[in-house]
Amino acid sequence: MTEQLRKFFSDGTTDEIAKKLLGKLLVYHSTAGVMSGYITETEAYLGVKDTTAHAFAGKRTPSNEPLYGVPGTVYIYSIHSRLCLDIATQAKDIPEGILIRGIQPVQGIELMEQNRAKHGFDLTNGPGKLMEALDITDKQMNLLEFGDTKLDIDLAHSKTPEKIISTGRIGVSTQGSWSEKPYRFIVAGNPYVSKVTKRDMNLTTYGWK
DNA sequence: CGGCGGATGAACT
DNA sequence: GTTCATCCGCCGA
């Protein structure tokens, strides 16, 4: 991984990094071709003190080991028979991370439509959905770093959100105050975001400047 | 178009 | 056996 990327994933707090990640280009070099999309929705998980995080209270197992890796480590995990994509943030052994929950397709849209057998905003407006669209079906890239595997974050080709909205995180246990903390970040008006209503979509600008 | 419940499988206890 | 950082389709308005 480049020095610039490593710095990106360790400068500032994890919730700040999650916000900065909106609009950056996620790139996947699959054997079938290149697919990419602008990141539209993220969630920050703040490690050992965060009751909703996989590494809460220092929990460490083979599955969540990538969270303990260097900034920019790929963390793929399965949940309800789906896969989700995380990026480890902060220095090695600090188990914080960011879940990528939505992307707006840029390259390889036809490939994604084949992989998902869906089209339109349903293609990539959820963490499990975007993994199916990219056709990532196993955890082989775990512990590798963005830029050193088929996955990359392109900081140069990015868009700037007009407005960022923060909400509570989706699908986490409703017990405890951490579930209500505003650590989910979305590009306001972008249609490739989970649980967004048609009324809230801005189909002219998609929420970018 | 929003709310709700069932499917589903890996990982941990 | 239980627990999920999910998705989809059905149903009612």
Side-chain angles (χ1 to χ4, degrees), chain A residues 9 13-15 17-19 21-22 26 37 39-69 73-90 94-103 105 112-143 151 165-186 189 191-203:
Chain A
F9 288 119
T13 60
T14 295
D15 53 314
I17 301 169
K19 219 182 293 183
L21 197 53
L22 294 175
L26 174 73
I39 296 171
T40 58
E41 176 176 3
T42 58
E43 283 181 1
Y45 286 86
L46 270 52
V48 294
K49 59 179 186 239
D50 183 349
T51 58
T52 69
H54 288 168
F56 172 61
K59 182 180 172 194
R60 186 167 190 165
T61 67
S63 319
N64 75 0
E65 182 63 27
L67 282 175
Y68 290 82
T73 300
V74 175
Y75 173 37
I76 296 171
Y77 66 90
S78 59
I79 188 75
H80 291 280
S81 71
R82 312 281 162 151
L83 291 174
C84 298
L85 177 63
D86 259 52
I87 306 177
T89 59
Q90 309 304 344
I94 298 179
E96 305 194 3
I98 296 168
L99 169 64
I100 299 178
R101 292 190 53 90
I103 62 171
M112 296 188 202
E113 287 174 343
Q114 282 171 25
N115 295 335
R116 270 226 4 107
K118 298 251 178 192
H119 56 88
F121 305 141
D122 246 359
L123 209 51
T124 51
N125 63 349
K129 297 181 189 181
L130 73 89
M131 290 298 263
E132 189 177 332
L134 296 178
D135 196 30
I136 297 176
T137 55
D138 57 45
K139 304 179 187 172
Q140 288 189 15
M141 290 184 287
N142 257 341
L143 293 171
L151 279 169
I165 293 178
S166 47
T167 77
R169 289 167 291 184
I170 306 276
V172 298
S173 162
T174 52
Q175 296 182 341
S177 57
W178 278 88
S179 61
E180 291 163 23
K181 289 183 187 287
Y183 290 148
R184 171 176 177 250
F185 304 101
I186 65 180
Y192 290 93
V193 165
S194 60
K195 291 179 156 57
V196 69
T197 61
K198 223 162 209 173
R199 189 171 55 248
D200 290 333
M201 294 178 183
N202 183 334
L203 297 181

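Values in this document were obtained by computation on a predicted structure and should not be read as measured data. Residue numbers start from 1 in every chain, and the chains themselves are labelled A, B, ... in the order their sequence lines are given, proteins ahead of strands.
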- request: Select base, sugar-phosphate, or nothing to describe what S194(A) touches, counting heavy atoms under 4.0 Å on all strands.
  value: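 S194(A): no heavy atom of the nucleic acid under 4.0 Å.
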
Whole-Å distance separating the [atom1] atom of [X] from the [atom2] atom of [N]:
X: F56(A); N: dC4(C); atom1: CZ; atom2: C1'; value: 16 Å
X: I100(A); N: dT6(C); atom1: CD1; atom2: P; value: 15 Å
X: L85(A); N: dT6(C); atom1: CG; atom2: P; value: 14 Å
X: F121(A); N: dC1(B); atom1: CZ; atom2: C1'; value: 16 Å
X: N125(A); N: dC7(C); atom1: CG; atom2: P; value: 8 Å
X: L67(A); N: dA5(C); atom1: CG; atom2: P; value: 12 Å
X: M131(A); N: dT6(C); atom1: CE; atom2: P; value: 13 Å
X: W178(A); N: dA5(C); atom1: CH2; atom2: P; value: 16 Å

query: Any side-chain heavy atom of L67(A) within less than 4.5 Å of one from I94(A)?
result: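 With C-beta onward as the side chain, the pair stays apart.
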
message: Does any part of the side chain of L26(A), heavy atoms only, come nearer than 4.5 Å to the side chain of L85(A), both counted from C-beta?
response: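 In contact.
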
For [X], check side-chain contact (heavy atoms from CB on, under 4.5 Å) against everything at least two apart and list the hits.
X: D50(A); answer: Y45(A), L46(A), T52(A), A53(A), R169(A), W178(A)
X: E65(A); answer: R60(A), Y68(A), L143(A)
X: L203(A); answer: F121(A), P191(A), M201(A), Y206(A)
X: L83(A); answer: I76(A), S78(A), M131(A), K139(A)

- prompt: Quick one: salt bridge (charged side-chain N to carboxylate O under 4.0 Å, His left out) partners of E43(A), sequence neighbours excluded?
  reply: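 Scan of E43(A) (salt bridge (charged side-chain N to carboxylate O under 4.0 Å, His left out), adjacent residues dropped) gives R101(A).
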
- request: Write out the stems for DNA chain B, ordered by first number and formatted as range with range, counting runs of at least 3 consecutive Watson-Crick or G-U wobble pairs under 3.5 Å.
  value: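 Stems for DNA chain B, defined as runs of 3 or more consecutive pairs: B:1-7 with C:6-12, B:9-12 with C:1-4.
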
Residue list, side chain to side chain donor-acceptor pair (under 3.5 Å) with [X], at least two apart or on another chain:
X: T61(A); result: none
X: T89(A); result: T14(A)
X: T167(A); result: R184(A)
X: N125(A); result: K129(A)

- request: Answer yes or no for this row: Y77(A) ring on dA5(C) base, centroids under 5.5 Å, planes under 30°.
  value: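 No; centroid distance or tilt outside limits.
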
query: Out of dT6(C), dG2(B), dA5(C), which nucleotide sits closest to the side chain of I170(A)?
result: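 Looking only at heavy atoms from C-beta outward on I170(A), the closest nucleotide is dT6(C).
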
query: Reading nucleotides 8-13 of chain B from the 5' end, what letters show protein touch, with B for base, S for backbone sugar-phosphate only, - for no heavy atom under 4.0 Å?
result: BBSSS-

query: Quick one: what's the B/S/- string for nucleotides 8-13 of chain C, heavy-atom cutoff under 4.0 Å, read 5' to 3'?
result: S-----

